[in-house]
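Reviewing the structure listed below.
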Amino acid sequence: MRLTFYGGVNEIGGNKILLEDGERRLFLDFGFPYKRHKLFYEEYLKPRPGAGLLDPLTMGLLPPLAGLYRDDLVTPGLWKQFEDFPLYRELERVDDVLLTHAHLDHSGYISFLKPDIPVYSTAVTAFIAKAMQDSGKSGFDQSVCYFNPVAWDCPDGWKQPALVSDSRTPRQQRQFCIADRAPENLSADAIQFWTSGFWGKTARQKELVSCPLKDHGSSGFGLLCFPVDHSIPGACAWGIETVSGWVIYSGDLRLHGKHSGLTRKFIEEAAKLRPRALILEGTNVGRDTNVTEREVYDNALKVISRAKGLVIADFSARDVDRLLTFLQIAKDTGRKLAIMPKDAYLLKTMHLLEPETPEIAQESSLVVYQDTIASKSPAIWMRNLCKEYESKIVLAEDVRSAQDKLMPSFSFMDINELPSIRPKPGSLYVFSSSEPHDEEQEIDFRRLHEWLKHFGIKGFGLPVEKNGEWKIPEEEKGLHASGHACGPDLLSVVHSIRPEIMIPVHSEKPEFYVDKLKGSGIEVRVPEAGGVVEV
Ligand SMILES: [Zn+2]
(Lines give C-alpha, C1' and ligand atoms only; values in the text may rest on other atoms or scores of the structure.)
Protein backbone atom coordinates (compact mmCIF):
# COMPACT_ATOMS: atom_id res chain seq x y z
CA MET A 1 0.00 0.00 0.00
CA ARG A 2 1.40 3.36 -1.06
CA LEU A 3 0.54 6.87 0.09
CA THR A 4 1.67 9.84 -2.02
CA PHE A 5 1.44 13.28 -0.42
CA TYR A 6 0.61 15.85 -3.12
CA GLY A 7 -0.37 18.50 -0.56
CA GLY A 8 -0.72 19.19 3.14
CA VAL A 9 3.02 18.69 3.68
CA ASN A 10 4.67 21.45 5.77
CA GLU A 11 1.59 23.54 5.13
CA ILE A 12 -1.73 23.99 6.84
CA GLY A 13 -4.24 22.83 4.23
CA GLY A 14 -4.09 21.79 0.61
CA ASN A 15 -4.39 18.11 1.61
CA LYS A 16 -4.24 15.77 -1.42
CA ILE A 17 -3.17 12.27 -0.46
CA LEU A 18 -3.25 9.45 -2.99
CA LEU A 19 -3.80 6.01 -1.48
CA GLU A 20 -2.96 3.06 -3.76
CA ASP A 21 -3.74 -0.42 -2.66
CA GLY A 22 -3.38 -3.00 -5.42
CA GLU A 23 -5.94 -2.09 -8.07
CA ARG A 24 -7.67 0.40 -5.82
CA ARG A 25 -6.78 4.08 -5.99
CA LEU A 26 -8.39 6.89 -4.01
CA PHE A 27 -7.67 10.43 -2.85
CA LEU A 28 -7.97 11.61 0.73
CA ASP A 29 -9.23 15.20 0.28
CA PHE A 30 -8.32 17.37 -2.70
CA GLY A 31 -7.84 20.80 -1.20
CA PHE A 32 -6.90 24.29 -2.28
CA PRO A 33 -3.26 25.05 -1.30
CA TYR A 34 -3.64 28.53 0.23
CA LYS A 35 -0.01 28.88 1.28
CA ARG A 36 1.50 27.98 -2.09
CA HIS A 37 -1.16 29.96 -3.95
CA LYS A 38 -0.27 33.09 -1.96
CA LEU A 39 3.42 32.68 -2.84
CA PHE A 40 2.60 33.57 -6.45
CA TYR A 41 -0.86 35.10 -6.54
CA GLU A 42 -2.99 37.80 -4.98
CA GLU A 43 -6.44 39.22 -5.50
CA TYR A 44 -5.62 40.81 -8.86
CA LEU A 45 -3.16 38.20 -10.07
CA LYS A 46 -4.76 34.79 -10.38
CA PRO A 47 -4.24 31.68 -12.52
CA ARG A 48 -5.74 32.42 -15.95
CA PRO A 49 -9.07 30.61 -16.36
CA GLY A 50 -8.55 30.72 -20.15
CA ALA A 51 -5.35 28.68 -19.82
CA GLY A 52 -7.10 25.82 -18.03
CA LEU A 53 -4.78 23.54 -16.08
CA LEU A 54 -1.57 25.06 -17.44
CA ASP A 55 -1.10 27.65 -14.67
CA PRO A 56 -1.94 25.54 -11.60
CA LEU A 57 0.16 22.64 -12.97
CA THR A 58 3.16 24.81 -13.88
CA MET A 59 3.13 26.64 -10.55
CA GLY A 60 2.89 23.41 -8.56
CA LEU A 61 -0.59 24.05 -7.20
CA LEU A 62 -1.90 20.84 -8.78
CA PRO A 63 0.07 17.59 -9.20
CA PRO A 64 0.86 16.69 -12.86
CA LEU A 65 -1.28 13.56 -13.01
CA ALA A 66 -2.59 12.93 -16.51
CA GLY A 67 -6.00 11.32 -16.56
CA LEU A 68 -7.18 12.85 -13.30
CA TYR A 69 -8.66 16.15 -14.43
CA ARG A 70 -11.71 17.41 -16.31
CA ASP A 71 -11.26 16.79 -20.06
CA ASP A 72 -12.59 20.23 -20.97
CA LEU A 73 -9.73 21.89 -19.01
CA VAL A 74 -7.01 19.95 -20.85
CA THR A 75 -5.71 22.27 -23.58
CA PRO A 76 -4.09 20.84 -26.75
CA GLY A 77 -0.63 19.39 -26.11
CA LEU A 78 -0.87 20.07 -22.37
CA TRP A 79 0.61 16.84 -21.02
CA LYS A 80 3.58 16.96 -23.43
CA GLN A 81 4.80 19.95 -21.40
CA PHE A 82 4.80 18.05 -18.13
CA GLU A 83 6.31 14.71 -19.09
CA ASP A 84 9.69 15.76 -17.71
CA PHE A 85 8.28 16.95 -14.36
CA PRO A 86 9.49 14.66 -11.56
CA LEU A 87 5.96 14.09 -10.26
CA TYR A 88 4.45 13.45 -13.71
CA ARG A 89 2.38 10.29 -13.90
CA GLU A 90 -0.46 8.88 -15.91
CA LEU A 91 -3.30 7.79 -13.69
CA GLU A 92 -5.46 5.33 -15.45
CA ARG A 93 -8.30 5.56 -13.02
CA VAL A 94 -9.15 7.01 -9.59
CA ASP A 95 -12.00 5.24 -7.80
CA ASP A 96 -13.09 8.02 -5.49
CA VAL A 97 -12.28 10.98 -3.28
CA LEU A 98 -12.88 10.73 0.46
CA LEU A 99 -13.67 14.28 1.58
CA THR A 100 -13.37 15.12 5.30
CA HIS A 101 -15.16 18.50 5.40
CA ALA A 102 -16.20 21.51 3.36
CA HIS A 103 -13.34 23.90 4.18
CA LEU A 104 -11.79 24.82 0.84
CA ASP A 105 -8.27 23.81 1.92
CA HIS A 106 -9.67 20.25 1.86
CA SER A 107 -12.33 20.45 -0.87
CA GLY A 108 -11.51 23.37 -3.21
CA TYR A 109 -9.55 21.65 -5.97
CA ILE A 110 -12.16 18.94 -6.41
CA SER A 111 -13.30 21.55 -8.94
CA PHE A 112 -10.65 20.30 -11.36
CA LEU A 113 -11.30 16.58 -11.06
CA LYS A 114 -13.10 14.43 -13.63
CA PRO A 115 -16.80 14.63 -12.76
CA ASP A 116 -17.24 10.86 -12.83
CA ILE A 117 -14.91 10.39 -9.82
CA PRO A 118 -17.41 10.11 -6.96
CA VAL A 119 -16.88 12.23 -3.86
CA TYR A 120 -17.66 10.48 -0.57
CA SER A 121 -18.65 12.76 2.31
CA THR A 122 -21.20 13.25 5.06
CA ALA A 123 -24.56 14.69 3.99
CA VAL A 124 -23.82 17.94 5.85
CA THR A 125 -20.47 18.36 4.06
CA ALA A 126 -22.07 17.80 0.65
CA PHE A 127 -24.84 20.31 1.39
CA ILE A 128 -22.47 22.95 2.77
CA ALA A 129 -20.24 22.53 -0.30
CA LYS A 130 -23.26 23.15 -2.50
CA ALA A 131 -24.47 26.12 -0.41
CA MET A 132 -20.99 27.66 -0.60
CA GLN A 133 -20.92 27.26 -4.36
CA ASP A 134 -24.52 28.44 -4.91
CA SER A 135 -23.93 31.63 -2.89
CA GLY A 136 -20.22 32.17 -3.52
CA LYS A 137 -17.96 33.59 -6.17
CA SER A 138 -18.16 31.80 -9.46
CA GLY A 139 -14.94 30.72 -11.06
CA PHE A 140 -13.21 27.70 -12.47
CA ASP A 141 -11.63 26.87 -9.13
CA GLN A 142 -14.87 27.27 -7.15
CA SER A 143 -16.81 24.42 -8.76
CA VAL A 144 -16.84 21.67 -6.17
CA CYS A 145 -20.42 20.47 -6.86
CA TYR A 146 -21.10 21.47 -10.47
CA PHE A 147 -19.45 23.33 -13.34
CA ASN A 148 -20.08 24.88 -16.72
CA PRO A 149 -17.84 23.18 -19.29
CA VAL A 150 -15.40 25.23 -21.36
CA ALA A 151 -14.10 24.79 -24.92
CA TRP A 152 -10.83 25.71 -26.70
CA ASP A 153 -11.84 28.55 -28.96
CA CYS A 154 -10.87 31.92 -30.45
CA PRO A 155 -13.18 34.93 -30.32
CA ASP A 156 -13.55 36.97 -33.53
CA GLY A 157 -10.44 39.00 -34.33
CA TRP A 158 -8.36 37.27 -31.67
CA LYS A 159 -5.41 35.04 -32.52
CA GLN A 160 -4.75 33.47 -29.14
CA PRO A 161 -7.18 30.63 -28.47
CA ALA A 162 -8.34 30.10 -24.90
CA LEU A 163 -10.80 28.12 -22.86
CA VAL A 164 -14.08 29.97 -23.04
CA SER A 165 -17.50 29.00 -21.73
CA ASP A 166 -19.12 26.43 -23.93
CA SER A 167 -22.82 27.12 -24.12
CA ARG A 168 -23.51 23.99 -26.21
CA THR A 169 -22.61 21.59 -23.41
CA PRO A 170 -24.95 21.60 -20.44
CA ARG A 171 -23.77 22.20 -16.88
CA GLN A 172 -22.19 19.10 -15.40
CA GLN A 173 -22.55 17.72 -11.92
CA ARG A 174 -20.29 15.78 -9.69
CA GLN A 175 -21.46 12.58 -8.07
CA PHE A 176 -21.59 12.83 -4.26
CA CYS A 177 -21.95 9.64 -2.24
CA ILE A 178 -23.33 10.14 1.23
CA ALA A 179 -21.54 8.06 3.78
CA ASP A 180 -23.42 8.81 6.99
CA ARG A 181 -27.08 8.47 6.10
CA ALA A 182 -29.34 6.94 3.51
CA PRO A 183 -30.86 9.40 1.04
CA GLU A 184 -34.27 7.87 1.75
CA ASN A 185 -33.91 9.37 5.24
CA LEU A 186 -33.55 12.86 3.81
CA SER A 187 -36.63 15.11 3.73
CA ALA A 188 -38.27 16.01 0.43
CA ASP A 189 -37.07 19.60 0.95
CA ALA A 190 -33.50 18.40 1.35
CA ILE A 191 -33.69 16.33 -1.84
CA GLN A 192 -35.19 19.25 -3.71
CA PHE A 193 -32.42 21.57 -2.54
CA TRP A 194 -29.81 19.07 -3.71
CA THR A 195 -31.30 18.30 -7.11
CA SER A 196 -32.76 21.66 -8.11
CA GLY A 197 -32.15 24.33 -5.46
CA PHE A 198 -34.43 26.07 -2.95
CA TRP A 199 -36.48 28.03 -5.43
CA GLY A 200 -36.57 25.90 -8.57
CA LYS A 201 -34.12 25.07 -11.30
CA THR A 202 -31.08 27.21 -10.63
CA ALA A 203 -28.37 24.67 -9.90
CA ARG A 204 -29.34 21.15 -10.81
CA GLN A 205 -27.37 18.51 -9.02
CA LYS A 206 -26.99 14.81 -9.60
CA GLU A 207 -29.01 12.52 -7.43
CA LEU A 208 -27.55 11.69 -4.06
CA VAL A 209 -26.39 8.13 -3.73
CA SER A 210 -25.98 6.34 -0.46
CA CYS A 211 -22.97 4.11 -0.17
CA PRO A 212 -22.75 0.78 1.53
CA LEU A 213 -19.39 1.53 3.06
CA LYS A 214 -18.64 -1.97 4.24
CA ASP A 215 -17.31 -4.04 1.36
CA HIS A 216 -16.46 -0.92 -0.52
CA GLY A 217 -16.07 -1.07 -4.27
CA SER A 218 -14.88 -4.08 -6.21
CA SER A 219 -12.02 -4.82 -3.81
CA GLY A 220 -14.33 -5.86 -0.98
CA PHE A 221 -12.28 -3.91 1.55
CA GLY A 222 -13.95 -1.91 4.29
CA LEU A 223 -14.39 1.84 4.47
CA LEU A 224 -15.56 3.67 7.58
CA CYS A 225 -16.72 7.25 8.08
CA PHE A 226 -16.32 8.68 11.62
CA PRO A 227 -18.01 12.00 12.42
CA VAL A 228 -15.63 14.33 14.32
CA ASP A 229 -15.84 17.82 15.82
CA HIS A 230 -14.31 20.73 13.89
CA SER A 231 -15.10 24.40 13.23
CA ILE A 232 -17.54 23.54 10.44
CA PRO A 233 -20.46 21.11 10.76
CA GLY A 234 -20.34 17.71 9.07
CA ALA A 235 -16.60 17.00 9.49
CA CYS A 236 -15.48 13.37 9.51
CA ALA A 237 -12.41 11.16 9.64
CA TRP A 238 -12.00 8.10 7.41
CA GLY A 239 -10.90 4.54 7.99
CA ILE A 240 -9.71 2.57 4.95
CA GLU A 241 -9.02 -1.15 5.10
CA THR A 242 -6.05 -2.07 2.90
CA VAL A 243 -3.90 -5.12 2.26
CA SER A 244 -1.48 -3.71 4.84
CA GLY A 245 -4.16 -3.11 7.49
CA TRP A 246 -6.40 -0.19 8.42
CA VAL A 247 -5.34 3.36 7.55
CA ILE A 248 -7.00 6.15 9.55
CA TYR A 249 -7.13 9.69 8.16
CA SER A 250 -8.18 12.32 10.69
CA GLY A 251 -9.03 15.33 8.53
CA ASP A 252 -9.23 18.32 10.93
CA LEU A 253 -10.45 17.77 14.46
CA ARG A 254 -10.58 18.99 18.05
CA LEU A 255 -11.38 17.67 21.50
CA HIS A 256 -12.48 20.94 23.13
CA GLY A 257 -15.53 21.87 21.02
CA LYS A 258 -19.25 21.52 21.70
CA HIS A 259 -19.34 18.17 19.91
CA SER A 260 -16.13 16.71 21.31
CA GLY A 261 -18.07 13.51 22.05
CA LEU A 262 -17.92 12.74 18.33
CA THR A 263 -14.12 12.99 18.28
CA ARG A 264 -13.89 10.81 21.41
CA LYS A 265 -16.08 8.16 19.83
CA PHE A 266 -13.92 8.25 16.69
CA ILE A 267 -10.78 7.70 18.77
CA GLU A 268 -12.37 4.76 20.53
CA GLU A 269 -13.60 3.12 17.32
CA ALA A 270 -10.36 3.76 15.44
CA ALA A 271 -8.33 2.20 18.28
CA LYS A 272 -10.44 -0.96 18.04
CA LEU A 273 -9.31 -1.42 14.43
CA ARG A 274 -5.65 -1.66 15.62
CA PRO A 275 -4.66 0.48 12.64
CA ARG A 276 -1.46 0.09 10.72
CA ALA A 277 -1.21 3.83 9.99
CA LEU A 278 -2.70 7.07 11.28
CA ILE A 279 -2.52 10.19 9.13
CA LEU A 280 -3.11 13.01 11.61
CA GLU A 281 -3.36 16.79 11.35
CA GLY A 282 -1.05 19.02 13.37
CA THR A 283 -2.25 22.59 12.90
CA ASN A 284 -1.96 23.61 16.56
CA VAL A 285 0.88 21.37 17.74
CA GLY A 286 2.55 24.52 19.11
CA ARG A 287 -0.33 25.31 21.49
CA ASP A 288 -0.59 23.90 24.99
CA THR A 289 -4.18 24.82 25.83
CA ASN A 290 -7.51 25.49 24.14
CA VAL A 291 -10.23 28.09 24.52
CA THR A 292 -13.69 26.47 24.67
CA GLU A 293 -16.84 27.76 23.02
CA ARG A 294 -18.29 28.34 26.51
CA GLU A 295 -15.36 30.63 27.33
CA VAL A 296 -15.95 32.50 24.06
CA TYR A 297 -19.53 33.03 25.14
CA ASP A 298 -18.57 34.22 28.65
CA ASN A 299 -15.79 36.54 27.46
CA ALA A 300 -17.76 38.04 24.57
CA LEU A 301 -20.88 38.49 26.71
CA LYS A 302 -18.88 40.41 29.31
CA VAL A 303 -17.64 43.01 26.83
CA ILE A 304 -20.79 43.20 24.67
CA SER A 305 -23.15 43.67 27.61
CA ARG A 306 -21.23 46.82 28.56
CA ALA A 307 -21.37 48.28 25.04
CA LYS A 308 -23.54 51.35 24.52
CA GLY A 309 -23.48 51.84 20.75
CA LEU A 310 -23.23 49.52 17.78
CA VAL A 311 -21.54 46.13 18.20
CA ILE A 312 -19.98 44.51 15.14
CA ALA A 313 -19.21 40.79 15.58
CA ASP A 314 -16.48 39.41 13.31
CA PHE A 315 -16.56 35.61 13.15
CA SER A 316 -16.83 32.90 10.51
CA ALA A 317 -20.52 32.15 10.03
CA ARG A 318 -19.64 28.74 8.57
CA ASP A 319 -18.68 27.92 12.12
CA VAL A 320 -22.31 27.36 13.09
CA ASP A 321 -21.36 26.81 16.77
CA ARG A 322 -19.89 30.32 16.82
CA LEU A 323 -22.94 31.75 15.11
CA LEU A 324 -25.12 30.17 17.82
CA THR A 325 -22.83 31.62 20.50
CA PHE A 326 -23.30 35.13 19.12
CA LEU A 327 -27.02 34.58 18.58
CA GLN A 328 -27.31 33.71 22.28
CA ILE A 329 -25.30 36.80 23.23
CA ALA A 330 -27.58 38.93 21.05
CA LYS A 331 -30.59 37.55 22.93
CA ASP A 332 -28.94 38.05 26.32
CA THR A 333 -28.10 41.68 25.55
CA GLY A 334 -31.40 42.69 23.91
CA ARG A 335 -29.95 42.89 20.41
CA LYS A 336 -30.62 41.25 17.07
CA LEU A 337 -27.85 39.46 15.21
CA ALA A 338 -27.79 40.65 11.57
CA ILE A 339 -26.20 38.06 9.29
CA MET A 340 -25.16 38.45 5.65
CA PRO A 341 -27.31 36.83 2.90
CA LYS A 342 -24.73 34.11 2.17
CA ASP A 343 -24.71 33.15 5.85
CA ALA A 344 -28.51 33.05 5.85
CA TYR A 345 -28.31 30.73 2.83
CA LEU A 346 -25.97 28.43 4.72
CA LEU A 347 -28.22 28.36 7.81
CA LYS A 348 -31.23 27.61 5.64
CA THR A 349 -29.26 24.73 4.10
CA MET A 350 -28.11 23.39 7.46
CA HIS A 351 -31.67 23.42 8.73
CA LEU A 352 -32.61 20.86 6.06
CA LEU A 353 -30.35 18.27 7.70
CA GLU A 354 -30.04 19.42 11.31
CA PRO A 355 -33.48 20.51 12.50
CA GLU A 356 -31.99 22.01 15.67
CA THR A 357 -30.30 24.71 13.51
CA PRO A 358 -32.37 27.88 14.04
CA GLU A 359 -34.94 28.62 11.40
CA ILE A 360 -34.43 32.23 10.36
CA ALA A 361 -38.15 32.96 9.98
CA GLN A 362 -38.90 31.68 13.49
CA GLU A 363 -35.95 33.23 15.27
CA SER A 364 -36.89 36.70 16.52
CA SER A 365 -33.28 37.65 17.36
CA LEU A 366 -31.99 36.91 13.87
CA VAL A 367 -32.25 39.30 10.89
CA VAL A 368 -30.61 39.47 7.45
CA TYR A 369 -28.44 42.46 6.49
CA GLN A 370 -28.89 43.59 2.90
CA ASP A 371 -25.73 45.34 1.81
CA THR A 372 -25.20 47.95 -0.87
CA ILE A 373 -24.65 46.45 -4.30
CA ALA A 374 -23.91 48.13 -7.61
CA SER A 375 -25.96 45.92 -9.85
CA LYS A 376 -29.43 46.11 -11.30
CA SER A 377 -29.82 42.37 -11.06
CA PRO A 378 -28.50 40.76 -7.91
CA ALA A 379 -27.77 37.04 -8.10
CA ILE A 380 -30.95 34.98 -8.36
CA TRP A 381 -30.31 33.16 -5.08
CA MET A 382 -29.89 36.48 -3.29
CA ARG A 383 -33.08 37.90 -4.74
CA ASN A 384 -35.02 34.78 -3.79
CA LEU A 385 -33.56 34.70 -0.31
CA CYS A 386 -34.32 38.34 0.37
CA LYS A 387 -37.85 37.85 -0.94
CA GLU A 388 -38.37 34.84 1.32
CA TYR A 389 -37.15 36.72 4.40
CA GLU A 390 -38.62 40.09 3.42
CA SER A 391 -39.81 40.86 6.94
CA LYS A 392 -36.34 40.03 8.27
CA ILE A 393 -34.30 42.36 6.08
CA VAL A 394 -32.43 45.24 7.69
CA LEU A 395 -30.64 47.96 5.74
CA ALA A 396 -27.75 50.22 6.72
CA GLU A 397 -30.23 52.96 7.70
CA ASP A 398 -32.05 50.57 10.06
CA VAL A 399 -28.76 49.78 11.75
CA ARG A 400 -27.87 53.49 11.89
CA SER A 401 -31.08 54.40 13.68
CA ALA A 402 -30.99 51.52 16.19
CA GLN A 403 -27.30 51.04 16.92
CA ASP A 404 -27.78 49.71 20.44
CA LYS A 405 -30.34 47.14 19.26
CA LEU A 406 -28.40 45.44 16.47
CA MET A 407 -25.24 43.39 16.08
CA PRO A 408 -24.17 42.96 12.44
CA SER A 409 -21.93 39.99 11.80
CA PHE A 410 -19.32 41.53 9.50
CA SER A 411 -15.88 40.47 8.47
CA PHE A 412 -13.21 42.89 7.27
CA MET A 413 -14.55 42.40 3.73
CA ASP A 414 -17.90 43.96 4.79
CA ILE A 415 -16.28 47.02 6.39
CA ASN A 416 -17.30 49.08 3.35
CA GLU A 417 -20.79 49.27 4.85
CA LEU A 418 -19.61 51.62 7.60
CA PRO A 419 -20.01 54.87 5.60
CA SER A 420 -23.69 53.96 5.17
CA ILE A 421 -24.16 52.94 8.80
CA ARG A 422 -22.13 55.76 10.41
CA PRO A 423 -21.46 54.04 13.72
CA LYS A 424 -21.56 56.37 16.72
CA PRO A 425 -18.19 56.96 18.36
CA GLY A 426 -17.71 54.44 21.15
CA SER A 427 -19.09 51.55 19.12
CA LEU A 428 -17.43 48.15 19.48
CA TYR A 429 -15.79 45.71 17.03
CA VAL A 430 -15.47 42.24 18.56
CA PHE A 431 -13.03 39.96 16.80
CA SER A 432 -13.72 36.26 17.26
CA SER A 433 -11.48 34.57 14.71
CA SER A 434 -7.89 33.48 14.28
CA GLU A 435 -4.76 35.64 14.23
CA PRO A 436 -3.13 36.56 10.89
CA HIS A 437 -1.09 33.76 9.28
CA ASP A 438 0.70 35.75 6.58
CA GLU A 439 1.76 39.21 5.48
CA GLU A 440 -1.33 39.80 3.39
CA GLN A 441 -3.58 39.23 6.38
CA GLU A 442 -1.36 41.49 8.48
CA ILE A 443 -1.88 44.25 5.94
CA ASP A 444 -5.64 43.70 6.19
CA PHE A 445 -5.45 44.02 9.98
CA ARG A 446 -3.50 47.25 9.61
CA ARG A 447 -6.30 48.55 7.38
CA LEU A 448 -8.99 47.33 9.75
CA HIS A 449 -7.35 49.26 12.61
CA GLU A 450 -7.38 52.40 10.41
CA TRP A 451 -11.09 51.95 9.67
CA LEU A 452 -11.89 51.59 13.35
CA LYS A 453 -9.79 54.64 14.22
CA HIS A 454 -11.53 56.66 11.51
CA PHE A 455 -14.97 55.90 12.92
CA GLY A 456 -13.96 56.04 16.59
CA ILE A 457 -14.80 52.35 17.09
CA LYS A 458 -13.13 50.38 19.85
CA GLY A 459 -11.70 47.03 18.80
CA PHE A 460 -11.74 44.08 21.18
CA GLY A 461 -9.88 40.80 20.71
CA LEU A 462 -8.10 42.24 17.67
CA PRO A 463 -4.49 41.32 16.98
CA VAL A 464 -2.14 44.32 17.26
CA GLU A 465 1.40 44.68 16.03
CA LYS A 466 4.17 44.71 18.61
CA ASN A 467 7.84 44.42 17.61
CA GLY A 468 6.84 43.07 14.20
CA GLU A 469 4.56 40.38 15.62
CA TRP A 470 0.78 40.35 15.48
CA LYS A 471 -0.77 39.21 18.75
CA ILE A 472 -4.06 39.57 20.55
CA PRO A 473 -3.45 41.54 23.79
CA GLU A 474 -3.35 39.20 26.81
CA GLU A 475 -6.37 40.82 28.51
CA GLU A 476 -8.49 40.49 25.35
CA LYS A 477 -7.78 36.81 24.62
CA GLY A 478 -10.34 34.04 24.80
CA LEU A 479 -12.75 35.11 22.05
CA HIS A 480 -11.96 32.32 19.61
CA ALA A 481 -12.19 28.55 20.07
CA SER A 482 -9.98 26.98 17.43
CA GLY A 483 -11.20 24.22 15.13
CA HIS A 484 -8.01 22.30 15.86
CA ALA A 485 -6.84 20.35 18.89
CA CYS A 486 -3.81 21.65 20.82
CA GLY A 487 -0.50 19.72 21.08
CA PRO A 488 -1.28 17.68 24.23
CA ASP A 489 -4.72 16.73 22.83
CA LEU A 490 -3.19 15.62 19.52
CA LEU A 491 -0.69 13.45 21.37
CA SER A 492 -3.51 11.87 23.35
CA VAL A 493 -5.22 11.07 20.02
CA VAL A 494 -2.09 9.23 18.84
CA HIS A 495 -1.56 7.40 22.15
CA SER A 496 -5.21 6.31 22.34
CA ILE A 497 -5.44 5.08 18.73
CA ARG A 498 -1.96 3.52 18.94
CA PRO A 499 -1.19 3.01 15.25
CA GLU A 500 2.02 1.27 14.21
CA ILE A 501 2.90 4.21 11.98
CA MET A 502 1.94 7.86 12.45
CA ILE A 503 2.11 10.28 9.52
CA PRO A 504 1.75 14.01 10.26
CA VAL A 505 0.00 16.29 7.73
CA HIS A 506 -1.62 19.76 7.71
CA SER A 507 1.13 21.16 9.95
CA GLU A 508 4.03 23.56 9.79
CA LYS A 509 5.82 21.68 12.57
CA PRO A 510 5.48 17.96 11.83
CA GLU A 511 8.75 17.26 13.71
CA PHE A 512 6.72 17.88 16.90
CA TYR A 513 5.43 14.32 16.56
CA VAL A 514 8.92 12.92 15.95
CA ASP A 515 10.16 14.51 19.21
CA LYS A 516 7.17 13.68 21.35
CA LEU A 517 6.65 10.10 20.18
CA LYS A 518 10.28 9.06 20.60
CA GLY A 519 10.41 5.80 22.54
CA SER A 520 6.64 5.30 22.34
CA GLY A 521 6.88 2.35 19.97
CA ILE A 522 4.98 4.36 17.36
CA GLU A 523 7.01 5.05 14.26
CA VAL A 524 6.60 8.60 12.91
CA ARG A 525 7.12 9.05 9.17
CA VAL A 526 7.23 12.67 8.03
CA PRO A 527 6.29 12.83 4.35
CA GLU A 528 7.99 15.07 1.82
CA ALA A 529 6.03 17.18 -0.66
CA GLY A 530 5.12 14.83 -3.50
CA GLY A 531 6.83 12.02 -1.60
CA VAL A 532 5.72 8.43 -1.11
CA VAL A 533 5.24 6.57 2.14
CA GLU A 534 5.11 2.80 1.63
CA VAL A 535 3.21 0.90 4.28
ZN1 LIG B 1 -10.73 22.63 8.35
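Each ligand, and each atom within it, is numbered from 1 in the order the structure gives.
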Taking 2.8 Å as the cut-off, does an N/O/S atom of [X] lie below it from the Zn ion (ligand 1)?
X    : result
H103 : yes
H106 : no
D252 : yes

Pair Y34 and F32, ring centroids less than 6.0 Å apart: yes
Ring-ring centroid check Y429 W451, cutoff 6.0 Å: no
Salt-bridge present (K137, E43; N to O < 4.0 Å): no
Lys/Arg-Asp/Glu bridge criterion (N-O < 4.0 Å) met for R254, D321: yes
